[in-house]
Every structure is written in C-alpha cells, then in structure tokens.
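The figures here come from the full heavy-atom set of this structure, side chains too, leaving out hydrogens, waters and symmetry mates. Throughout, residue positions are numbered sequentially from 1 according to the sequence presented.
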Amino acid sequence: MLPKKLRLPTVIIAALVLAVPFLVGITGSPGYYMRVSTLAGIWVILALAVQVILGFTGMITFGHAAFYGIGAYTSALLVMRLGLSFWIALPAATLTAGIFGLLIAIPSIRLKGDYLAVVTLAFGEIVRLVTLNWVGLTRGPMGLPDIPPPSVFGYPLKGSVACYYLCLGLVVACVVFVRLLVLSPFGRAMMAVRDDATAASAMGIDVFKVRLMSVGVGAALAGVAGSFFAHYNGFISPQNFTGAESMLMLLMVVLGGVGSIPGAIMGGVLLSILPEALRPLGQWRLVLNGFLMVILILVRPQGLLGGRPLRVRIPIPGRSLRGDRCAGA
C-alpha cells in the first residue's frame with residue numbers, strides 16, 4: 001500500500017505512461033518516439049537487474065550485458081531454429097540467463113574481495129567473443145536478422161504501440177517482482193548481507209546462498225530484457241551486448257540511486273531518453289551529457305532517489321557552519 005502522499009503522483013505518472021502513444025501521436029514522427037519509449041522500458045528492466053545485485057546485495061557487476069545477450073540469443077534461436085512461440089522462448093531465455101548467472105557466481109562469491117566484478121567483466125567479454133566467432137550458431141558479426149516479433153493468440157505484434165504496451169507490461173511485472181522480493185524475508189536477508197555480511201552470518205543468514213541467489217535473479221531479469229529486445233528489434237548482433245552496455249546499466253543505478261527501485265526506473269528512463277533529447281546538439285550532446293553527470297555526482301552523490309536526503313551548505317553570516325545541522329555539517 002502506497003503512502004497517501006505518493007498516491008496522487010503515482011496515479012499521474014501511471015496515466016502519463018499509459019497515454020504515451022496518444023501523446024506522441026500528435027508529433028511529426030510518432031514511430032521514432034514510440035521506439036525510444038519502448039527502448040527506455042527495456043533499459044529500466046536492465047537497471048532493475050543490476051539493482052538487485054548492487055543495490056540490495058552490495059556486489060558489483062561489470063558484465064551484465066552478457067546475461068542480456070544470452071537472453072536475446074536464446075530466445076531468438078529457440079523461435080527461429082525450433083519454431084517455438086515467443087511466450088515459451090521468454091521464460092526459457094530468463095531461465096537460461098539465470099542459470100549462467102548462478103554458474104558464474106558459484107566460484108567467484110567464495111573468493112574474498114570484489115571478485116564478482118572481475119569475473120563478470122571477463123565473462124562478458126567471453127560471451128561477446130563466442131557470439132562473434134560461433135558463426136554456425138549465431139552467424140557471428142553478421143548477426144541474426146528477421147527475428148519474428150512477439151505474437152498474441154497467433155497475431156504478431158508488429159505495431160509500435162502494441163510492442164510498447166507489451167514492454168510496459170513486462171516492466172510492471174519486473175517492478176512488482178523486485179518489490180515483493182525486497183519485502184520478503186529473503187529480501188531483508190539481502191539487505192542485511194549488503195550492510196554487514198559478518199553480522200548477517202552471525203545472525204544465522206547463509207551469506208553465500210543469499211549472494212548466489214541474488215546474482216541468479218539479476219541475471220534472469222536481464223534475460224527478460226534480452227528476450228524482448230531480440231523480438232522487438234528483429235535483429236541482434238554481438239555489438240548490441242558489449243561492455244559499454246554493462247557500464248551504462250551500472251551508471252543508471254548509480255544515477256537513480258543505489259538501493260532504490262524508483263531510482264532504477266528513473267535512471268533507466270533518463271539515460272535512455274536524455275541522449276536522444278540532446279541529439280539536435282550533435283557531438284556537443286556527449287559533452288553536455290557528461291557535464292550533467294559530473295554536476296550530479298558533485299551535488300547528489302547518492303543518486304537522484306538515494307536513501308539520504310540532499311543537504312546543501314548555505315553560509316550564514318555571523319554563524320559557524322560547524323555544528324549547524326541545516327548546513328549539513
């Protein structure tokens with residue numbers, strides 16, 4: 001149940017999200033805006049996937065694009081080679097990505113330090129090289145073209161509006177799942193491990209199991225995004241799942257706020273739409289985008305929707321800032 005002060009903003013945001021196809025219909029290029037909105041939904045799912053591992057369990061992953069790519073290739077190959085339905089390929093891709101996440105986490109979590117970050121970084125490069133060189137399966141750098149779109153009751157969802165609402169449904173399902181996970185006893189165990197693994201272990205929490213399952217869940221969520229992206233885009237190649245995508249997922253979580261579900265949503269939306277909004281500036285949009293990121297880090301290091309409130313130092317004549325609680329000291 002949402003607090004009363006959040007109910008009205010939530011209703012307004014939900015109404016705007018549902019009305020996006022009608023709002024962009026009055027523009028000169030609705031197809032372009034619908035594609036940007038749909039891709040933003042995919043990035044929100046990916047940001048949630050990283051948030052489960054980084055924000056709620058306290059582990060860093062640098063190669064999450066590997067699970068994104070595994071989900072995409074698994075779903076596309078199952079539909080193209082075996083003739084399965086998208087609705088069968090989607091859970092299969094989710095399960096496959098989750099299994100790979102567990103396999104990668106088993107050896108790395110037992111080590112001390114942030115070895116998961118190093119292992120996932122290497123795994124991401126391995127997956128990219130495999131998809132690039134296994135021409136018989138993935139067609140290598142040529143990619144997989146003509147991937148069938150999602151279908152409902154045998155009718156393919158070729159329209160941008162239909163795919164947008166399908167993506168929106170997947171986003172809502174993932175948000176609800178992560179929310180329920182966080183509120184569950186397992187979610188509280190995740191946050192206990194994040195805050196202090198030694199104390200959590202002393203309280204009887206199986207730290208290894210909690211970390212292992214969180215990596216599996218985060219990888220599975222990335223598989224959901226990869227499966228939908230493959231069928232929505234109609235073409236995938238190794239260039240869609242590089243280290244740059246992994247860094248962007250991580251940046252979305254940091255921008256929105258580590259440990260915050262609304263923060264992951266906001267980070268995914270902003271960093272997927274902002275570059276397109278600044279596109280008229282040409283190459284300068286990259287400079288401005290980076291400048292805005294630096295300003296945010298300086299002003300709001302915990303992210304836009306991080307746990308701690310924003311504190312601003314305001315010098316007051318005749319008063320020392322030391323000990324001034326309003327000054328953030």
For a 4.5 angstrom cut-off between non-hydrogen side-chain atoms, does L54 reach T61? no
Should we say atom OH of Y164 is surrounded by more than 12 heavy atoms from elsewhere, each under 6.0 Å from it? yes
Residues that, via side-chain heavy atoms closer than 4.5 angstrom, fall in one hydrophobic cluster with M142: V135
Common cluster, V182/L221, ILVMFWY with side-chain heavy-atom separation under 4.5 Å: yes
Listed by chain and number, what are the ring pair (Phe, Tyr, Trp, His ring centres under 6.0 Å) partners of Y232, not counting sequence neighbours? F228
Please check: side-chain N/O of S260 versus main-chain N/O of G256, any donor-acceptor pairing under 3.5 Å? no
Count I, L, V, M, F, W, Y as connected when their side-chain heavy atoms are under 4.5 Å apart, and connections chain through other members. Are V193 and V258 then in the same cluster? yes
Show me the side-chain donor-acceptor pairs of residues 201-219 shorter than 3.5 Å, one per line, residues at least two apart or across chains.
from: D206; atom 1: OD1; to: F208; atom 2: N; distance (Å): 3.4
from: D206; atom 1: OD1; to: K209; atom 2: N; distance (Å): 3.3
from: S214; atom 1: OG; to: T57; atom 2: OG1; distance (Å): 3.4
from: S214; atom 1: OG; to: V210; atom 2: O; distance (Å): 3.4
from: S214; atom 1: OG; to: R211; atom 2: O; distance (Å): 2.8

So if you build clusters from Ile, Leu, Val, Met, Phe, Trp, Tyr with side-chain heavy-atom gaps below 4.5 Å, do V175 and V178 land together? yes
To the nearest 0.5 Å, what is the distance between CZ on F235 and CD1 on I147? 8.0 Å
Are the side chains of L166 and V152 in touch, meaning some heavy atoms are under 4.5 Å apart? no
N/O donor to acceptor pairs below 3.5 angstrom from side-chain atoms of residues 34-48, sequence neighbours left out:
from: R35; atom 1: NH2; to: N233; atom 2: OD1; distance (Å): 2.6
from: S37; atom 1: OG; to: Y33; atom 2: O; distance (Å): 2.8
from: T38; atom 1: OG1; to: M34; atom 2: O; distance (Å): 2.8

same_hphob_cluster(V20, I13) at 4.5 Å side-chain heavy-atom cutoff: yes
Close side-chain approach of C174 to V224, heavy-atom, < 4.5 Å: yes
Between CG of D195 and CE of M190, what distance do you get to the nearest 0.5 Å? 11.5 Å
Is there a chain of hydrophobic side chains (I, L, V, M, F, W, Y, each step under 4.5 Å between heavy atoms) that links L255 to M247? yes
Value rounded to 0.5 Å, distance of NE2 in H64 from CG in L121: 14.0 Å
Would you give me the side-chain donor-acceptor pairs under 3.5 Å for residues 265-278, sequence neighbours excluded?
from: S272; atom 1: OG; to: G268; atom 2: O; distance (Å): 2.6
from: S272; atom 1: OG; to: V269; atom 2: O; distance (Å): 3.0
from: E276; atom 1: OE1; to: Y32; atom 2: OH; distance (Å): 2.6
from: E276; atom 1: OE1; to: R279; atom 2: NE; distance (Å): 3.0
from: E276; atom 1: OE1; to: R279; atom 2: NH2; distance (Å): 3.4
from: E276; atom 1: OE2; to: R279; atom 2: NH2; distance (Å): 2.9

Check step by step if side chain to side chain contact (heavy atoms under 4.5 Å, CB included) holds for I60 and L116. CA-CA 7 Å; I60 302 177; L116 179 66; over 6 Å; no
Nearest 0.5 Å, please: how far is CZ in F186 from CE in M191? 11.0 Å
Which pairs would a plain distance check flag for residues 66-83, meaning a side-chain donor or acceptor within less than 3.5 Å of a matching protein atom at least two apart in sequence or in another chain?
from: T74; atom 1: OG1; to: I70; atom 2: O; distance (Å): 2.6
from: S75; atom 1: OG; to: S227; atom 2: OG; distance (Å): 2.9
from: S75; atom 1: OG; to: H231; atom 2: NE2; distance (Å): 2.6
from: R81; atom 1: NH2; to: L137; atom 2: O; distance (Å): 3.0

Can you list the steps and then say if F56 with L181 is a side chain to side chain contact (heavy atoms under 4.5 Å, CB included)? CA-CA 10 Å; F56 299 125; L181 178 68; over 6 Å; no
Evaluate side chain to side chain contact (heavy atoms under 4.5 Å, CB included) for F241 paired with T131, printing each intermediate quantity in order. CA-CA 10 Å; F241 315 106; T131 56; over 6 Å; no
So do L168 and Y165 actually touch side chain to side chain, heavy atoms under 4.5 Å? yes
Test side chain to side chain contact (heavy atoms under 4.5 Å, CB included) on R128 and T242 and set out the steps. CA-CA 7 Å; R128 188 187 70 83; T242 62; 4.1 Å; yes
